[in-house]
Each structure stands twice: as C-alpha cells, then as structure tokens.
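Throughout, a chain's letter reflects where its sequence line sits, starting with A, and its residues are numbered from 1.
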Amino acid sequence: MPEGPVITRFAPSPTGHLHIGGARSALFCWAFARRAELEHRARGGTPGQGGRFMIRIEDTDQARSSDESARGILEDLAWLGIEWDDGPTLDLANPDGTRRTIGSHARDVGSYFQARRVAVYNAYIDHLMSIGRAYPAFDTAEELDKLRKQATAAKQTFKYPRPADFTFGQPCTARIDRAKKGEPHVVRFAMDSAAVVVRDEILGEVKIAPGEVDDFVIRKADGFPTYHFAVVIDDELMGVTHVMRAQEHLANTPRHVALQRALTRLDTHQPFRTPSFAHMPLIMNMDGSKMSKRDKAKAARKAAKDAIAKPPAPGAAPLTPASLAQSLNQDPKLVADFLAGENDNLDLAGQIAALLNVTLPEIEVYDFRRNGYLPEAIINFIALLGWNPGMKLPDGKDLEKFDAAFMAERFSVDRVGKTPAKFDRAKLQSFNADAINALTDAQFAAKWRAFLAEYEPHVLARLDARGSAAFTILAAAVKPRARTLRDGINAVRFALVADDDVAFDPKAIDKLRSPDAKNAAPGAPPRTGVELLAASRERLSALPTADWTVPAIHTLLEQLAQQLGVGIGQLAQPLRVGVTGAGVSPGIAETLAALGRESVLRRLDRCHRAAVV
RNA sequence: GGCCCCGUCGUCUAGCCUGGUCCAGGACACUACCCUUUCACGGUAGUGACAUGGGUUCGAAUCCCAUCGGGGUCACCA
C-alpha cells in the first residue's frame with residue numbers, strides 16, 4: 001500500500017443493537033489501525049498519518065434503519081472502549097461528569113452516513129451506465145420471484161438473465177430513457193466475464209470462476225444504493241486500505257472486486273484500488289448455529305409456549321396467548337404472531353422474558369452490559385475468538401489475559417484463525433469473574449453501585465436503606481462471589497428481604513433443634529443449635545449499635561466460641577439460619593454487620609420462635 | 001442443490017507455514033483432594049483431542065489426495 005495511512009473501517013447497519021460479532025470485527029479493525037499508528041509514531045511519523053480507524057453508518061435500508069439504533073451502536077462501541085478517529089461524532093458524559101467527544105471528522109470525506117451520500121453514488125451509477133457497465137432493469141419483484149422458483153424447481157441456481165437489448169460496454173439508451181421518464185426500475189451492474197481472484201490475508205487466494213456472479217442490483221427502486229455498491233464507492237472515496245470483516249462477506253467480495261475493476265474516480269480519473277481483504281471466522285452458538293439476534297426471539301417464544309402448555313399453579317389462572325398479551329399490555333395479534341413465529345419482535349421477546357423470569361441468550365453488546373459483564377472481560381474474550389497472541393508466560397502457560405492496549409501493540413492478521421468459534425458463555429463468565437476480582441474493593445463497590453443504579457435501582461435502594469457502611473461491607477463480600485455484576489445480587493438476597501419475610505428452611509430449622517456432638521464443649525453433653533443461637537443472641541444484643549462492626553462482631557463471636565468450647569463455625573451456622581433462613585451467606589461477621597443490629601436481633605427472635613414451637 | 005470456506009480435548013486454542021524436541025501444551029468447564037465459618041475465593045491433582053482412509057517420508061498433528069462432517073452464500077438486507 002502507498003504513502004497514506006492504513007485506514008480500517010467498521011460499517012454497521014443501524015438496524016438494532018451492536019451484535020457481539022460486530023464488536024469483534026470492530027475490535028480487530030481498531031487494533032489493526034492502532035498498531036499501524038503506534039509503529040508510525042515510533043518511527044517519528046506525523047500523528048494520525050500511520051493508522052486510522054473509521055466508523056461508517058450503512059443506513060441505506062430505509063425501512064429498517066434508525067437514528068436511535070445508530071446512536072446505540074456508537075454508545076456500545078464507546079462503552080467497550082473502541083474509539084474511532086473518523087466517523088459520526090458521539091458526545092458522551094464521563095463518569096466524573098465531564099464530557100468527551102468521539103469521532104472528529106478529521107478527514108474531509110463527506111458524511112459518514114450513507115443515506116446522506118446518495119448524490120455521490122448516483123454520479124457513479126450514471127457513469128457506469130454511460131460506459132455500458134450498468135443498466136436499468138424493470139422487472140417486478142413478482143417476476144423475479146417466479147424466475148427464482150423455476151430455477152429452484154429445475155434444481156438450478158438462479159442467475160439474473162442479462163437482457164437481450166443490453167450490450168456489454170454500450171450504454172443502453174432505450175432503457176436509460178425509460179428510467180428517466182420515471183418508470184420504476186433498479187440499476188444492475190453488468191458483470192464482466194473474467195474470473196475473480198480474491199487475495200485474502202487470512203484465507204489465502206479464493207478463486208471464483210467466470211459466470212458465477214450475475215448482474216446484481218446496485219441501485220434499488222427507492223433510489224438508494226445497495227450495500228455492495230455503497231461499500232465499494234465509500235471505501236475508495238474514504239481511503240480504506242484494509243477491509244476486515246466476517247467470513248459471511250467472503251462470497252460478496254467478488255462483486256466488490258469486479259466493481260472496483262470497472263470503476264474510475266470521477267475526481268482524479270484514477271482507477272479504483274482494491275483494498276487488502278481479511279475475512280474473519282464467524283462466531284457461532286454452542287450448538288453450531290450462527291449467533292443471531294433471532295435466537296433471543298426463539299428463546300422467548302419457547303419460554304412462552306412452555307408456560308402456556310404448563311398446568312397453572314394452584315389457584316392461578318392458566319396462561320394463554322390472550323392473557324399474556326394482556327399482562328404485557330401488548331396487541332394480542334402481535335403476541336399471537338410472535339408465538340406463531342410470524343415475527344421476531346425483540347422488544348416483545350424482552351418483555352416476555354421479564355414477565356416469565358427467564359434469561360434470554362446474550363447476543364448483543366447491550367445484553368452483556370445489562371447482565372453485568374465488564375467491558376474489559378468482553379474485549380479480552382472476543383479477541384480470543386479468532387485471534388491469540390501466540391505468546392507463553394514464564395511458567396509455560398499460554399498468555400490469554402490481555403487488554404485492548406496490548407492488542408494495539410501486538411495485533412496482526414496472520415495470527416487470526418480460519419475456523420469458526422463457538423461462543424462459550426461459561427468461559428466468558430470466568431473471564432468476567434477474573435476481571436471483577438482484579439478490581440480493588442473500592443473500585444468494585446463503585447462499579448456495582450453504578451450498575452445497580454442503572455439496571456436494578458430497587459435493589460440498590462434496599463441496600464442503601466441499611467446505611468452507608470452496609471453497602472461497603474456487602475460489596476466487598478460480593479466481589480469474590482460474583483461472576484457478573486448482576487450475579488452479585490444473588491449473594492446479598494438476605495439483605496433484600498424484610499426482616500419479617502425471611503423464610504426459614506424447614507430442614508435447617510430441624511437441624512437447629514437436634515443436639516449435635518460438635519456443638520458440645522470437650523467432655524460435655526451435646527448442645528442444640530437453638531441453644532447456641534440463644535447464647536449468640538444474648539451476647540450480640542449487648543453489643544451497642546455504635547460498635548456494630550465487622551471486627552467487633554468477629555471478636556465477640558470468637559470469644560464466645562472459646563468460652564463455650566466450640567468452633568466458631570458452630571456459632572456461625574445457627575446464626576446464618578437465623579438471619580438468612582438457610583445455611584449459606586458471606587462471612588458471618590460481614591453478614592451480621594451489613595444487616596445491622598436491629599434487623600439481626602429481630603430475625604434471630606423470629607427464628608427462635610420458629611424453632612421452639 | 002451450485003459456488004466458496006473450514007475440520008487438534010465438550011468449548012476457546014498452542015503446535016502446522018520451516019516434518020522428528022508432541023504417546024500433543026495451556027485456558028474454560030467437569031471430577032477429586034486441600035484450605036475453610038456455610039457459600040464462594042484460592043491451591044493441588046485428574047479425566048479429556050490431532051474427523052476417517054490412502055499416499056509421500058527413515059519419520060506426519062504438521063506435506064499431498066480422497067471421503068466424511070460442519071459452516072457461509074446464492075435479496076431491490078447489510
């Protein structure tokens with residue numbers, strides 16, 4: 001590649017949230033450009049001239065694109081820490097209240113929204129028609145559909161038959177005139193008859209025989225260019241040097257190459273260049289199917305159908321499609337269609353999941369975010385889906401924990417694999433747990449608070465109701481127990497219920513009632529858990545609220561255990577049952593301290609009553 | 001179905017280009033044990049793969065071919 005900077009681009013279609021696979025594509029493009037820039041600067045080059053990462057919004061589908069979605073995708077990228085040099089500007093509030101702007105429009109290449117570039121595409125389309133490399137086509141969708149069905153019935157691949165009145169290389173004035181008069185039409189590219197060889201940096205040379213690609217549409221009837229056309233024009237005009245995208249685009253690449261061979265820049269009269277291509281392996285579900293947003297709809301549909309089929313709980317009304325629609329406050333027809341698989345409405349899927357309390361598979365970055373994954377864990381994990389640094393740690397283990405900055409220094413296309421990767425959420429969770437544990441207690445507390453404030457404000461309110469010390473204690477207790485920020489809520493369930501709503505596990509209560517040799521002092525008869533509970537309760541009640549702290553409680557229980565001649569665990573387990581209803585909680589001193597003196601005594605009394613009745 | 005891509009533990013992968021050091025290494029998951037105040041965390045150990053069949057070679061996970069298997073794509077969606 002010549003003088004100019006390496007330019008990569010991520011070009012999402014704003015038709016929903018950012019897909020996790022898209023995030024990986026963006027990450028690789030970003031890392032590639034960053035490395036080029038870093039090395040350029042190390043050589044003393046001008047900043048910004050070594051490598052640039054660009055975002056372009058491919059909003060040429062009028063029906064499906066939306067500004068909200070474009071903004072959401074940009075926010076998801078920013079949240080992940082993937083920032084672009086060129087592209088739409090995104091104004092964001094930092095956690096500290098300041099603002100920052102991403103996307104500087106530093107290069108003068110026009111809008112980064114394709115819908116605003118229609119005039120540019122039209123100029124090139126006119127040019128192609130004038131040199132006989134494109135022609136208007138007037139077939140209706142029905143006609144094409146019929147031809148396709150015929151081809152399928154005859155077990156043949158449908159290829160659009162080039163019209164007899166068009167001669168390759170000759171402008172078809174008759175058709176152009178008809179189009180000018182306003183007759184509805186599309187414009188098709190006249191494919192040449194040469195074989196196409198795509199040189200792919202990951203897959204090697206991919207050859208496509210002549211005649212495999214037909215005359216495809218480059219401008220739709222609504223006047224907007226198709227993806228294939230817009231992408232080729234913009235990549236050239238925006239100076240894109242390296243195209244990195246998912247392997248699903250490999251089959252499209254011959255079209256792009258053919259277009260590049262046919263096109264000449266209108267401003268400089270230079271032929272279009274063919275960028276370097278690198279097609280990355282796909283990210284699949286664990287069952288081998290393609291990871292798709294529709295998986296969420298499928299999961300919600302299944303959950304709803306199961307719930308409808310299931311006999312209702314005693315006293316509850318059976319769930320029907322109609323009652324489901326009603327409790328969701330949704331249009332019954334929409335719900336019925338959804339259940340029948342007629343639509344994959346993701347909003348509805350989310351509502352159904354919330355109502356039925358099921359978790360939908362995380363597919364989009366936003367799903368991971370709201371389920372409490374840390375961006376650094378996601379970045380690390382998706383990077384490994386297709387790339388790895390190929391480095392060993394001093395102890396001989398593979399290096400697989402790294403951050404975006406590391407990728408910016410080390411990323412290279414030749415270490416990108418060819419095989420599709422299955423998305424193993426268990427491993428992601430492990431990475432996330434490691435990322436959480438790498439945080440200090442204070443950092444974790446701040447992140448957890450922010451997470452709860454955004455996604456579970458009621459939980460946060462209940463925790464805060466226990467006082468400011470409680471949150472700090474609980475956050476520290478949650479940190480090693482949480483695989484995700486959301487998962488952390490499970491570890492503090494006991495602090496969320498009202499004192500009088502603690503449900504005592506009958507088995508645990510039974511255990512408290514029976515004498516246990518382990519509860520005995522050496523040489524003495526066995527004691528019951530209830531007895532030890534009463535002893536703890538008495539001692540705790542003597543501890544004033546002002547001294548109700550983790551170390552004080554810990555010392556108190558240690559001393560009591562010593563006096564009674566038992567291990568501290570013999571005290572802790574009955575207290576756990578008393579205060580949480582069952583035998584599982586964080587450290588007992590932390591648990592009691594976070595709950596507060598009043599709650600603890602009240603709960604212990606309730607437990608005592610439940611056990612002695 | 002046509003065309004194209006891919007094939008190492010259940011999963012992500014190292015090794016493959018530059019055959020021997022690989023009866024294949026790491027991570028996640030799983031199992032056991034240790035630690036322990038329950039649950040976690042942490043520590044130690046273990047189970048577990050070169051898709052199959054032919055070649056080439058003294059020697060193949062590594063090179064070649066075939067078969068089988070998986071995936072992508074065949075839109076006026078991107």
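Contact between the side-chain N/O atoms of Arg148(A) and the OP1/OP2 oxygens of rA75(B) is found at a separation under 4.0 Å. Checking the phosphate oxygens (OP1, OP2) of rC12(B), no side-chain nitrogen or oxygen of Lys422(A) falls inside 4.0 Å. Using a 4.0 Å cut-off, no side-chain N or O of Lys397(A) falls inside it from OP1 or OP2 of rC28(B).
Pairing for rC58(B) is with rG20(B), a Watson-Crick or G-U wobble pair whose two hydrogen-bonding atom distances lie under 3.5 Å.
Nucleotides rG69(B) and rU36(B) have their C1' atoms positioned 48 Å apart, rounded to a whole Å. rA49(B) and rG10(B) have their P atoms separated by 7 Å, with the value rounded to a whole Å. Nucleotides rG7(B) and rG15(B), compared at atom C1', are 16 Å apart to the nearest Å. Distance noted for atom P between rG20(B) and rC64(B): 15 Å (whole Å). Nucleotides rU8(B) and rA51(B) have their C1' atoms positioned 10 Å apart, rounded to a whole Å. Going from the C1' atom of rG46(B) to that of rU67(B) covers 36 Å, rounded to whole Å.
With distances taken from any side-chain atom of Arg483(A) to the nucleotides rC41(B), rA78(B), rC5(B), the minimum falls on rC41(B). Proximity note for Ala421(A) (side chain, C-beta onward) versus rC12(B), rA78(B), rC5(B): the nearest is rC12(B). Picking from rU37(B), rG72(B), rA14(B) the nucleotide with the shortest atom distance to the side chain of Asn388(A) gives rA14(B). Of the candidates rC12(B), rC6(B), rA78(B), rA78(B) carries the atom nearest the Ser13(A) side chain, counting heavy atoms from C-beta on. Closest to the side chain of Glu58(A), from the set rA78(B), rG2(B), rU13(B), is rA78(B). Considering only side-chain atoms of Thr226(A), the nucleotide from rG71(B), rC77(B), rU13(B) that sits closest is rC77(B). Ranking rU38(B), rU73(B), rC28(B) by closeness to the Lys290(A) side chain, first place goes to rU73(B). For Gln573(A), taking side-chain heavy atoms from C-beta onward, the closest of the listed nucleotides rG72(B), rA78(B), rU38(B) is rU38(B). Out of rG2(B), rU38(B), rG7(B), the shortest distance to the side chain of Thr419(A) is found at rG7(B).
At a threshold of 4.0 Å, the pair Asp398(A)-Lys392(A) counts as salt-bridged, since one of the basic side-chain nitrogens sits closer than that to a carboxylate oxygen.
With hydrogens and angles disregarded, a donor-acceptor distance shorter than 3.5 Å links the side chain of Arg117(A) to the backbone of Ser111(A).
Inter-residue side-chain proximity for Leu147(A) and Gln150(A) is flagged as met; some heavy-atom pair is nearer than 4.5 Å.
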